[in-house]
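Structure first, commentary second.
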Number of protein chains: 2
Amino acid sequence: MRIGELAERSGVSRDTIRFYERNGLIRSIAGTSDTNNYRDYPEDNLTALDFFSKARTAGISIADLRDIMQAIAGSCDRADAITVIRAKISELQERATQVQNVIKFLEQSIDGD
Amino acid sequence: MRIGELAERSGVSRDTIRFYERNGLIRSIAGTSDTNNYRDYPEDNLTALDFFSKARTAGISIADLRDIMQAIAGSCDRADAITVIRAKISELQERATQVQNVIKFLEQSIDGD
DNA sequence: CCAAACCAGTGACAATGGTCCATTGTTTCG
DNA sequence: CGAAACAATGGACCATTGTCACTGGTTTGG
């Protein structure tokens, strides 16, 4: 599909999609037309963009997402990919604990009310 | 204490402490000397900075931290403060769920290995 | 056919969260 | 005393994460 449709269906703006592409988060392929150079964005970018949106609000950086996507897609070495992803999972679990700690702190600060 | 000691003991750099102060996260008081204008940083800034460090790695913004600190310290209206903090707690719980979702996604991506 | 909508590419701009540097003045310690 | 360490202030600079605007070309619906 073309970028407009992808933007529409994913809820991610054209500019942001292009930004993500520049940063290696997604890939598009050259269109087949000989009159334009509109690029084609495969369907699976919808899944990816949806994941990115969730991950970004969860505070995961573009760089991390790039690592993850490369690990998943770049099947050059499956074992390496899994190692990368497991590491990210650990980081995220650590992050989750940190968030819980902050919640606890805040709860204590209003304790008794 | 002076800023150097605070930096040393909190593990937060001078520059960052000053940055936080400029942004209303902490407060210092004018020193008593008549020859210098070194500021005095009360002991409780240690607790605050420790909290900030954790909160920042948990992905909480400076603006949020300022809101929280103002709510806790500015006792102008206790009920308002509690409302603010409860709202932040909700946001954080939402964030925690998001992080869990991303973890799930990642786990599925390496499922079976 | 033609205007409106779309596309690519570029570069400027903005907010956030720091970090670094230079200058000037103060304190501290050997 | 004098050098080294420390403090205050101010501004420059950096990466990250987008967003906006402009140009020039393409497609599409009425």
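First the proteins, then the strands, lettered A, B, ... as listed; each starts at 1.
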I'd like to know if [X] pairs up with [Y] as an ion pair, taking the criterion as any Lys NZ or Arg NE/NH1/NH2 lying under 4.0 Å from an Asp or Glu carboxylate oxygen.
{"X": "A/R9", "Y": "A/E5", "result": "yes"}
{"X": "A/R2", "Y": "A/D40", "result": "no"}
{"X": "B/E21", "Y": "B/R18", "result": "no"}

Roughly, in whole Å, what's the span from [atom1] in [X] to [atom2] in [N]?
{"X": "A/D15", "N": "C/dA14", "atom1": "CG", "atom2": "P", "value": "16 Å"}
{"X": "B/M1", "N": "C/dT27", "atom1": "CE", "atom2": "C1'", "value": "19 Å"}
{"X": "A/I17", "N": "D/dT19", "atom1": "CD1", "atom2": "C1'", "value": "14 Å"}
{"X": "A/R66", "N": "D/dA15", "atom1": "CZ", "atom2": "P", "value": "14 Å"}
{"X": "B/R22", "N": "D/dA12", "atom1": "CZ", "atom2": "C1'", "value": "12 Å"}
{"X": "A/N23", "N": "D/dT17", "atom1": "CG", "atom2": "P", "value": "8 Å"}
{"X": "A/E8", "N": "C/dC6", "atom1": "CD", "atom2": "P", "value": "9 Å"}
{"X": "A/Y20", "N": "D/dG18", "atom1": "OH", "atom2": "P", "value": "4 Å"}

For residues B/L25 and B/V84: do they belong to one hydrophobic cluster (side chain heavy atoms under 4.5 Å, members Ile, Leu, Val, Met, Phe, Trp, Tyr)?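 No, because B/L25 and B/V84 fall into different hydrophobic clusters, even though each may have its own neighbours under 4.5 Å.
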
Heavy-atom count check: over 12 atoms from other residues, nucleotides or ligands less than 6.0 Å from A/E8 CD?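 No, the 6.0 Å shell around CD holds no more than 12 heavy atoms from other groups.
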
State whether B/S33 places a side-chain N or O below 4.0 Å from either non-bridging phosphate oxygen (OP1 or OP2) of C/dT27.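 Yes, such a contact exists.
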
Any B/T16 side-chain nitrogen or oxygen under 4.0 Å from OP1 or OP2 of C/dG17: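 Negative; the distance criterion is not met.
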
Which residues in residues 36-48 of chain B have at least one heavy atom lying under 4.0 Å from any atom of DNA chain C?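 The stretch gives B/N36, B/Y38 as the residues lying under 4.0 Å from the strand, ordered by number.
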
Of the options C/dA8, C/dT27, D/dT19, whose atoms approach the side-chain atoms of B/T35 most closely?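 For the B/T35 side chain, the nearest candidate turns out to be C/dT27.
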
Among D/dA8, D/dT27, C/dG18, find the nucleotide with the atom closest to the side chain of B/F19.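 Selected nucleotide (nearest to the side chain): C/dG18.
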
Write down the atom of B/I89, the atom of A/L106, and the distance for their closest heavy-atom approach.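 Distance-wise, the nearest heavy atoms are CG1-CB, 3.8 Å.
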
Would you mind classifying the nucleic acid contact of A/F52 as base, sugar-phosphate or nothing, using non-hydrogen atoms under 4.0 angstrom?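 Here A/F52 touches no strand at all.
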
Using heavy atoms to find the nearest nucleotide of DNA chain C for B/R56 and B/R2 separately, return the residue whose nucleotide is more 5′.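 The residue closer to the strand's 5' end, by nearest nucleotide, is B/R56.
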
Please check if the side chain of A/N45 supplies one atom and the backbone of A/Y41 the other of a donor-acceptor pair under 3.5 Å.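 Here the side-chain-to-backbone pair does not exist.
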
